[in-house]
Every structure is written in C-alpha cells, then in structure tokens.
Undergrad: 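Quick one: this structure, given as structure tokens, is what I'll be asking you about.
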2 protein chains.
Amino acid sequence: MAKATIDDVAALAGVSMKTVSRVVNNEPNVRASTREKVQAAINELDYRPSQSARSLAANRSYVLGLLYDNPSANYVIDVQEGALQTCRRAGYDLLIHPCRHTEPELADEVLALVRQGRVDGLILTPPVSDMTELVDGLVSAGVPFVRLSPTENKSACPYVQTNDQEAAYDMTCRLLELGHKRIGFIAGHPDHKAVAERYQGYLAALKESRIKPSPELVAQGYNSFDSGRECAKVLLDLPEPPSAIFASNDDMAAGVIKEAHHRRLSIPGALSVAGFDDTPVAHQIYPSLTTVSQPIEEMASKAAELLIKQLKGKAVQMPAAIMSCRILVRESTGEVYS
Amino acid sequence: MAKATIDDVAALAGVSMKTVSRVVNNEPNVRASTREKVQAAINELDYRPSQSARSLAANRSYVLGLLYDNPSANYVIDVQEGALQTCRRAGYDLLIHPCRHTEPELADEVLALVRQGRVDGLILTPPVSDMTELVDGLVSAGVPFVRLSPTENKSACPYVQTNDQEAAYDMTCRLLELGHKRIGFIAGHPDHKAVAERYQGYLAALKESRIKPSPELVAQGYNSFDSGRECAKVLLDLPEPPSAIFASNDDMAAGVIKEAHHRRLSIPGALSVAGFDDTPVAHQIYPSLTTVSQPIEEMASKAAELLIKQLKGKAVQMPAAIMSCRILVRESTGEVYS
DNA sequence: AAGGAAGCTGACAGCGCTGTCAGCTTCCTT
DNA sequence: AAGGAAGCTGACAGCGCTGTCAGCTTCCTT
C-alpha cells in the first residue's frame with residue numbers, strides 16, 4: 001500500500017482536498033458531519049500529511065531553531081526539554097544548532113538557516129543572546145526570535161529572564177546573616193553577561209550591609225570547573241582568606257569545593273561555599289551545594305510559546321517574562337567559625 | 001529584494017534551472033566554465049535553495065532523527081554533538097526526539113515521524129535501541145536506522161558499540177590487582193541492557209581469579225545517583241562489607257562516594273570506588289573518580305555516518321563498528337588497607 | 001576519418017500540499 | 001417572507017525544487 005495523499009483522502013471522503021486540508025489543520029468552517037467523514041477517511045488510510053509539501057505551500061517550516069554555545073553546559077539539555085514541550089503541543093519541531101558565539105560569520109550562518117526555510121524562528125540562549133551583530137541582523141532581516149536572559153538591547157525582541165541578580169543579592173545576604181564578613185566572589189565569564197552580572201547582586205548586598213568591597217576578594221572565573229578551582233586557590237592563598245566563597249555558577253563552586261578538600265578545609269566549618277544554577281553536580285557533590293535554582297525548562301517553554309505566538313502573527317502581549325529563582329540551602333554553607 | 005529562486009539564478013547565469021540544481025548539489029557532468037558562471041550568479045543573488053522544495057521534489061528531508069530516553073543522562077549531549085558533526089559535513093539537519101522507551105505507542109509515534117517525511121532515517125540510543133517492537137517496526141517499514149550499543153537482534157541494522165563488557169572486566173581485574181577480594185557491584189538499570197551487561201565483565205574477572213561471586217555483594221541499581229546511594233547503604237551495612245565498590249555508571253558511583261563521606265569512610269583508604277562513563281561529575285567530585293571513558297561523540301558521529309551511507313543507497317560495508325573504552329585511573333581507587 | 005561512448009545540458013512534469021477567491025447554503029434579523 | 005450575513009465548500013494556481021529522458025557536443029578509439 002503506497003503512502004496515502006490528501007487526494008486519496010478527499011476521494012474516499014467525497015470532498016475536495018481543500019476540505020481535507022481544513023480538517024487536518026483544525027481550521028474552522030467545516031460542518032461537524034463533514035469533519036467526521038473526513039476524519040474517518042484519514043483514519044482508514046492512515047493518512048499523514050507530507051511535511052515538506054505543507055512547508056512549501058505554506059511557506060513555513062513548522063520548525064523552531066535553538067541556538068546555543070557550549071553544549072556541555074547543563075542548562076542546554078533543560079532548555080531543549082522546555083522548548084520541546086511547547087513545540088510538541090503546537091505541532092512544531094525543534095532544530096538544535098550549537099554554534100560558537102565568537103564566530104565572526106555567525107549572523108550569516110544563522111540567517112542562512114532561516115533563508116533556506118529550515119526554521120521559522122529562533123530561540124537564542126546565553127551567550128548567543130547577547131551577540132549584538134546577530135541580534136541586529138535578525139531584527140533587520142525581520143526574523144522572529146526570542147531570547148533567554150538577554151542583558152542588552154532588550155527591546156529588540158521578546159525575552160524571558162529570571163531575577164538572578166536579585167537572587168545573587170539574596171544569597172549574599174544569607175551569607176552575611178551567617179556572620180561572614182569576608183565573602184569571596186568568583187565572577188562569571190565576561191561573555192556570559194547574564195552570569196557576569198550576578199556580581200551586581202553581590203555588590204548590592206555588601207553595600208547594604210555597609211561592607212566595603214575588597215577587590216582582592218573578587219576573582220575572575222570563566223564558568224568552568226577548572227577556572228573555579230584556580231580562583232579558589234587565589235582566594236584561599238590570600239593573607240586574610242575569605243570565610244565564604246560565592247561562585248557565579250555551580251561548576252565553579254564545585255571547583256572551590258574540590259580545592260577545599262585538597263587543603264583539608266572542612267566545609268562549611270572552615271569555608272562556606274555557594275553556587276548558582278542547581279546543576280546535577282550540586283546535589284551529587286559532598287557536601288551538597290547551597291545554590292540558586294532557575295526554572296530553565298519553564299523559561300525555555302515560555303520562550304517557545306512567545307516565539308510561536310509571534311509566528312502566528314499575534315502581537316505578543318507580554319514581550320518579556322520574568323521568572324523567579326529559588327535559593328536552595330544545602331550543606332555547603334554555615335555560620336562563620338569564630 | 002525578494003528571495004532569489006533557482007529560476008532567478010538560471011536566468012542570470014544563462015542556463016537552465018536543472019544546471020543550477022546540478023551545481024548546487026555538486027553533481028558531476030557540468031563543465032567547469034558553466035559551474036563558475038552559475039556559482040557567480042549564486043553568489044551575486046545570495047541564492048539559498050529552499051529546503052522544503054528540495055524535500056518535496058526529491059522525496060527526502062535531509063534530516064536525521066535522534067531518539068533517546070532520559071535526556072538528563074550525560075551522554076545525550078555528547079551523542080547530539082557527535083551526530084551533528086557528521087550531519088553538518090553531509091548537509092543534514094538533526095531532529096532530536098526524546099521519548100519514553102516504555103511508551104506502548106512508541107513504534108507508531110516514531111513511524112509517524114518518518115511517514116510525514118520529517119526524517120529520512122533514525123539513530124537509536126540506549127535504552128530505545130533495545131525496544132524490540134520499535135526495531136521490528138522500523139525493519140518491516142523499511143526505515144533506515146542505526147543503533148548505538150544494541151544488545152539484541154543485532155542483525156536488524158548497522159550499529160556502533162564499545163567493548164564495555166571487556167572494560168568492566170579490566171576494571172574489575174585492576175581492583176583485584178590492588179588486593180581487593182570483596183568487590184561490591186552495583187548493576188545498571190535492567191532496561192538499559194548495555195549498562196546492565198557490564199555485570200558480565202565483573203563476573204568474568206572474578207571467575208578468572210577463582211573468586212566465588214557472592215550474591216550479597218551485588219546490588220541492583222537504576223542508573224541514578226539516588227539508587228547508587230541506596231545500594232551503597234546496603235553494601236556498606238553488610239556484616240562483612242566490600243573494600244571496593246564498582247558501580248555500572250558514574251552517577252551511581254557518585255552516590256557511593258556521597259554515602260562514604262557521610263559515614264566518614266575515607267576514599268580510597270577505607271573504600272575504593274570505580275564508576276563507568278567519565279561524566280563531568282567524575283572529574284569534579286572529591287576524590288575524583290576512577291572510571292571508564294567511552295568515545296560517545298565518535299560513536300554517534302560514526303552512527304550518523306553509517307546512516308547517511310545507507311540513505312545514499314550505498315551498501316554499508318561495515319555494518320558494525322566496535323570502539324574501544326579507556327580506563328581512567330584517578331583518585332578514588334587504591335590498594336586494599338590490610 | 002568514422003563511429004561509438006562519454007560528457008554535458010535543458011524541457012518538462014510532478015512532488016503534495018495551502019492560499020485565494022468565488023459561490024452556494026444556511027441562519028438570523030426585522 | 002425577504003434580505004443580508006455568516007457558514008461552508010471547492011476549483012485552481014502555484015510554492016521551488018529534482019527526476020527522467022531526450023538530444024546535442026565533445027572526446028576517444030581504431
């Protein structure tokens with residue numbers, strides 16, 4: 001039995017193929033009895049619309065593109081899952097497109113995807129979401145897109161973000177409440193602006209407590225475990241080392257914990273450690289890591305939703321969605337030892 | 001400027017659109033001078049072939065589907081990366097399709113993808129690669145597919161796997177060489193047959209050393225960190241606990257290490273721990289985990305290669321590729337304390 | 001130099017849908 | 001009961017490519 005086409009279904013149901021098309025696409029203005037007749041024919045022939053024919057005729061692919069750098073980052077899989085949830089509900093597919101955010105031809109590379117009709121719209125995740133040239137290119141090409149956690153040019157497109165600076169502020173406050181006065185901070189990769197800006201939350205909390213920030217307590221990390229460990233070495237080698245270290249992400253915090261183990265520093269007895277992201281390692285490590293959980297899946301799901309709304313031509317009523325982080329206090333933080 | 005079509009290019013170059021098509025698709029039998037003329041026109045118009053038109057006309061999507069369960073497993077991202085490498089070289093896209101391997105309608109769900117022309121072929125990862133009904137369904141529908149680490153019905157399609165039972169054997173031998181006599185084993189999820197069968201390697205090594213396997217030293221895990229920790233509790237509570245524990249994957253091994261920390265058992269002083277997979281946590285944990293590294297990316301890249309070869313109608317000369325694991329000795333294993 | 005093979009090129013149909021628009025039918029309003 | 005609006009349906013063109021096949025050109029062999 002050859003694959004059934006829309007014509008076969010139309011013939012069997014005794015209607016035009018346009019009516020079959022209406023039924024398949026859940027369009028209005030089909031009499032209930034007609035709809036049933038068509039549906040019966042579809043079932044009998046086990047008809048599956050050809051994706052490529054639909055795409056060609058309708059001039060859209062029903063595919064969203066997901067751009068990300070650094071696939072090893074734990075959030076990538078969560079972003080994929082969240083975006084896929086919405087995609088499935090809406091009949092879209094998701095095309096993953098890892099890329100290098102530093103690639104000079106990035107804008108061309110991405111625009112090609114759109115111009116070939118491979119995707120109808122794009123979701124950009126950090127740090128790609130902050131690449132100005134790409135964002136501008138998409139805007140001027142009229143490509144629909146949505147960003148996760150952008151930090152610049154926020155009016156360019158709808159976006160979804162968290163209150164993560166506020167969470168960094170809260171986390172720092174908690175450490176202060178535990179009696180820590182010298183709190184080390186490991187900053188995120190400068191290209192990952194959303195991560196890098198968590199530093200502002202740290203600063204704000206110190207300021208509120210009238211503690212003068214010491215530059216030597218701030219180390220520049222690059223989001224990786226190894227960079228976190230290097231920063232920990234520097235901070236712990238200070239003449240007057242910090243009693244707590246707050247790292248801008250969990251991988252770096254894991255590096256701190258590793259270094260502390262090697263120095264036989266007990267955690268949280270001699271050193272409190274806090275991270276950010278609640279990656280799997282945060283829970284698996286010993287001691288388990290106090291960290292901040294972001295609703296990545298929901299953010300991505302929401303982003304896909306905003307994008308699909310745009311594609312349907314509906315004005316996106318809520319161009320920005322702000323979601324809340326949650327602080328998870330676990331074993332790695334405690335009162336300062338006095 | 002409207003999007004250029006193949007007709008525009010043909011007109012500008014003064015050739016038929018069929019010739020443009022030949023140039024775009026790198027087909028033979030085009031005179032070099034013609035090819036240049038066409039290429040110049042393509043460049044001038046910045047022509048991008050419409051993916052959907054190609055798909056409709058050629059009756060193929062130029063998309064591979066990747067099936068996996070349990071997206072949180074660390075290998076998923078590596079599989080994606082490896083498959084994408086090959087896809088990009090070959091001009092294919094990759095469609096990710098997470099699914100539940102226990103879903104009764106799985107075969108229908110997947111066949112629909114193919115029948116709608118969304119994908120030309122499929123890559124199945126464990127545990128999906130061992131779902132008999134799906135595999136049979138694909139075979140009888142004539143769908144091209146390739147499996148990673150299948151354990152059953154291996155003649156159904158080309159596949160890629162590692163010598164992981166051998167690696168489990170080797171790892172067990174190393175523990176024996178370190179003087180361990182009572183080696184606990186945490187078995188993998190029974191549905192993940194490739195993981196579950198690592199147990200055979202453990203058994204073989206014991207047998208070779210003429211050590212009688214004790215059933216109480218084998219715990220049934222389910223691949224998760226928490227299941228590993230539960231198994232560790234059982235094993236460490238034995239009247240005569242093991243001096244080493246070999247877990248079938250790193251997440252479970254991390255659970256063992258966590259439990260050991262809580263019991264103040266020094267690693268590897270009082271307990272040696274070995275894992276399998278070399279996930280990021282293996283390196284980040286303290287002490288770092290002795291484990292087995294599998295070339296997941298290369299396997300997936302190879303799988304995509306075999307699949308694309310099939311799609312091109314070339315007989316796949318090498319229907320099975322076996323790749324080698326590598327044992328990584330780190331800090332979590334040592335000589336038995338006597 | 002002749003003849004066949006190989007190289008090169010284009011005409012044309014058709015892949016299987018959706019968008020547009022016309023027109024008929026049914027319903028609602030007064 | 002009449003007339004207009006809304007609901008419903010189908011004819012037809014066309015989306016932009018590739019496959020097939022015919023036929024012309026060039027090259028090679030003897």
Side-chain angles (χ1 to χ4, degrees), chain A residues 2-39 41-42 45-63 91 112 114-118 120 311-313, chain B residues 2-39 41-42 45-63 91 112 114-118 120 311-313:
Chain A
K3 199 170 172 302
T5 71
I6 199 170
D7 286 296
D8 302 328
V9 177
L12 182 60
V15 298
S16 75
M17 64 179 182
K18 181 65 214 186
T19 297
V20 177
S21 171
R22 288 195 180 91
V23 172
V24 167
N25 292 292
N26 263 311
E27 285 172 31
N29 299 338
V30 180
R31 201 182 299 163
S33 62
T34 309
R35 201 176 285 276
E36 279 163 30
K37 222 166 43 180
V38 171
Q39 195 57 58
I42 288 175
L45 297 174
D46 194 22
Y47 166 67
R48 313 281 173 162
S50 154
Q51 196 62 21
S52 48
R54 297 180 75 191
S55 300
L56 180 60
N59 195 29
R60 48 218 234 90
S61 64
Y62 305 95
V63 175
V114 180
R115 302 203 38 218
Q116 291 175 96
R118 290 176 191 251
D120 292 338
L311 293 175
K312 290 201 172 140
Chain B
K3 199 170 173 305
T5 70
I6 199 170
D7 286 295
D8 303 327
V9 177
L12 181 60
V15 299
S16 74
M17 64 179 183
K18 181 66 214 186
T19 297
V20 176
S21 170
R22 288 195 180 93
V23 172
V24 167
N25 293 291
N26 264 311
E27 286 172 29
N29 298 340
V30 181
R31 203 181 299 162
S33 61
T34 309
R35 200 176 287 275
E36 279 162 31
K37 222 166 42 180
V38 171
Q39 195 57 57
I42 289 175
L45 298 175
D46 194 21
Y47 166 67
R48 312 282 174 163
S50 153
Q51 196 62 22
S52 47
R54 297 180 74 192
S55 298
L56 181 58
N59 195 28
R60 49 220 234 87
S61 64
Y62 305 94
V63 175
V114 180
R115 301 202 39 215
Q116 289 174 96
R118 289 175 192 252
D120 292 337
L311 293 175
K312 291 202 171 139

Undergrad: When all nucleic acid strands are considered with a 4.0 Å heavy-atom cut-off, which category describes B:Asp7: base, sugar-phosphate, or nothing?
TA: nothing

Undergrad: Classify the nucleic acid contact of A:Val15 as base, sugar-phosphate or nothing, counting any heavy atom under 4.0 Å across all strands shown.
TA: sugar-phosphate

Undergrad: Is A:Tyr47 close to A:Ile6 at the side-chain level, that is, under 4.5 Å between some pair of heavy atoms?
TA: yes

Undergrad: Less than 4.5 Å apart, any side-chain heavy atom of A:Arg31 and any of A:Arg35?
TA: no

Undergrad: With side chain to side chain contact (heavy atoms under 4.5 Å, CB included) as the criterion, how do B:Val20 and B:Val24 come out once you've worked through the C-alpha distance, each side chain's angles and the decisive distance to 0.1 Å?
TA: CA-CA 6 Å; B:Val20 176; B:Val24 167; 4.2 Å; yes

Undergrad: Can you tell which of D:dT20, C:dG19, D:dG16 lies closest to the side chain of A:Lys18?
TA: C:dG19

Undergrad: Evaluate whether atom CG of B:Asn59 has more than 12 neighbouring non-hydrogen atoms of other residues, nucleotides or ligands under 6.0 angstrom away.
TA: no

Undergrad: When both hydrogen-bonding distances must be under 3.5 Å and the geometry is Watson-Crick or G-U wobble, what is D:dG14 paired with, if anything?
TA: C:dC17

Undergrad: If I take atom CZ in residue A:Arg54 and atom P in nucleotide D:dG16, what distance separates them, rounded to the nearest angstrom?
TA: 18 Å

Undergrad: Atom CZ of A:Arg48 and atom C1' of C:dC15: how far apart are they, to the nearest Å?
TA: 20 Å

Undergrad: Taking only side-chain nitrogens and oxygens of B:Ser21, does any of them come within less than 4.0 Å of OP1 or OP2 of D:dT18?
TA: yes

Undergrad: Please tell me which of the listed nucleotides, C:dG16, C:dG10, C:dC17, lies nearest to the side chain of B:Ser16?
TA: C:dG10

Undergrad: Of all the choices, C:dT9, D:dC17, C:dG10, which nucleotide is nearest to the side chain of B:Ala53 once you look at every atom?
TA: D:dC17

Undergrad: Has A:Thr19 got a side-chain N or O lying under 4.0 Å from the OP1 or OP2 atom of D:dT9?
TA: no

Undergrad: Would you please confirm or rule out a distance under 4.0 Å between OP1 or OP2 of D:dT18 and any side-chain N or O of B:Tyr62?
TA: no

Undergrad: The side chain of A:Met17 lies closest to which of these nucleotides: D:dT18, D:dA13, D:dC15?
TA: D:dA13

Undergrad: For B:Gln116 and C:dG16, give me the distance from atom CD to atom P, rounded to whole Å.
TA: 14 Å

Undergrad: So, A:Gln116 side chain and A:Ala112 main chain: donor-acceptor pair closer than 3.5 Å or not?
TA: yes

Undergrad: Could you check whether B:Arg115 pairs with A:Asp46 (Lys NZ or Arg NE/NH1/NH2 to Asp/Glu carboxylate O, under 4.0 Å)?
TA: yes

Undergrad: Has the side chain of B:Arg22 got a donor or acceptor that lies under 3.5 Å from a partner of the other kind on the base of C:dG10?
TA: yes

Undergrad: Could you check which nucleotide pairs with D:dG23 in any of the strands shown, counting Watson-Crick or G-U wobble with both distances under 3.5 Å?
TA: C:dC8

Undergrad: Over how many whole Å does the gap from A:Asn25 atom CG to D:dC8 atom P extend?
TA: 17 Å

Undergrad: Quick one: look up who C:dC28 pairs with, Watson-Crick or G-U, both distances under 3.5 Å, and put none if it's unpaired.
TA: D:dG3

Undergrad: Do B:Val63 and B:Asp120 make a side-chain contact, defined as non-hydrogen atoms from C-beta onward lying under 4.5 Å apart?
TA: no

Undergrad: State whether B:Ser50 places a side-chain N or O below 4.0 Å from either non-bridging phosphate oxygen (OP1 or OP2) of D:dC17.
TA: no

Undergrad: May I have the distance from A:Ile6 (atom CD1) to D:dC12 (atom P), rounded to whole angstrom?
TA: 17 Å

Undergrad: Please figure out whether A:Val30 or B:Ser52 has its closest DNA chain D nucleotide nearer the 5' end.
TA: A:Val30

Undergrad: Nearest whole angstrom, please: distance from the P of C:dT9 to the CD of B:Glu27.
TA: 13 Å

Undergrad: According to a strict under-4.0 Å criterion, is A:Asn59 in side-chain N/O contact with OP1 or OP2 of C:dG19?
TA: no

Undergrad: Toward the 5' end of DNA chain C, which comes first, A:Arg31 or A:Val24, by nearest nucleotide?
TA: A:Val24

Undergrad: Checking all strands, does B:Thr34 fall into the base, sugar-phosphate, or nothing category for heavy-atom contacts under 4.0 angstrom?
TA: sugar-phosphate

Undergrad: Rounded to the nearest Å, what distance is computed from the CZ atom of residue B:Arg35 to the C1' atom of nucleotide C:dC8?
TA: 11 Å

Undergrad: Taking only N and O in the side chain of A:Asn29, is any of them less than 4.0 Å away from OP1 or OP2 of D:dA6?
TA: no

Undergrad: Take the protein atom CD1 of B:Ile42 and the nucleotide atom P of D:dG16, then report the distance between them rounded to whole Å.
TA: 16 Å

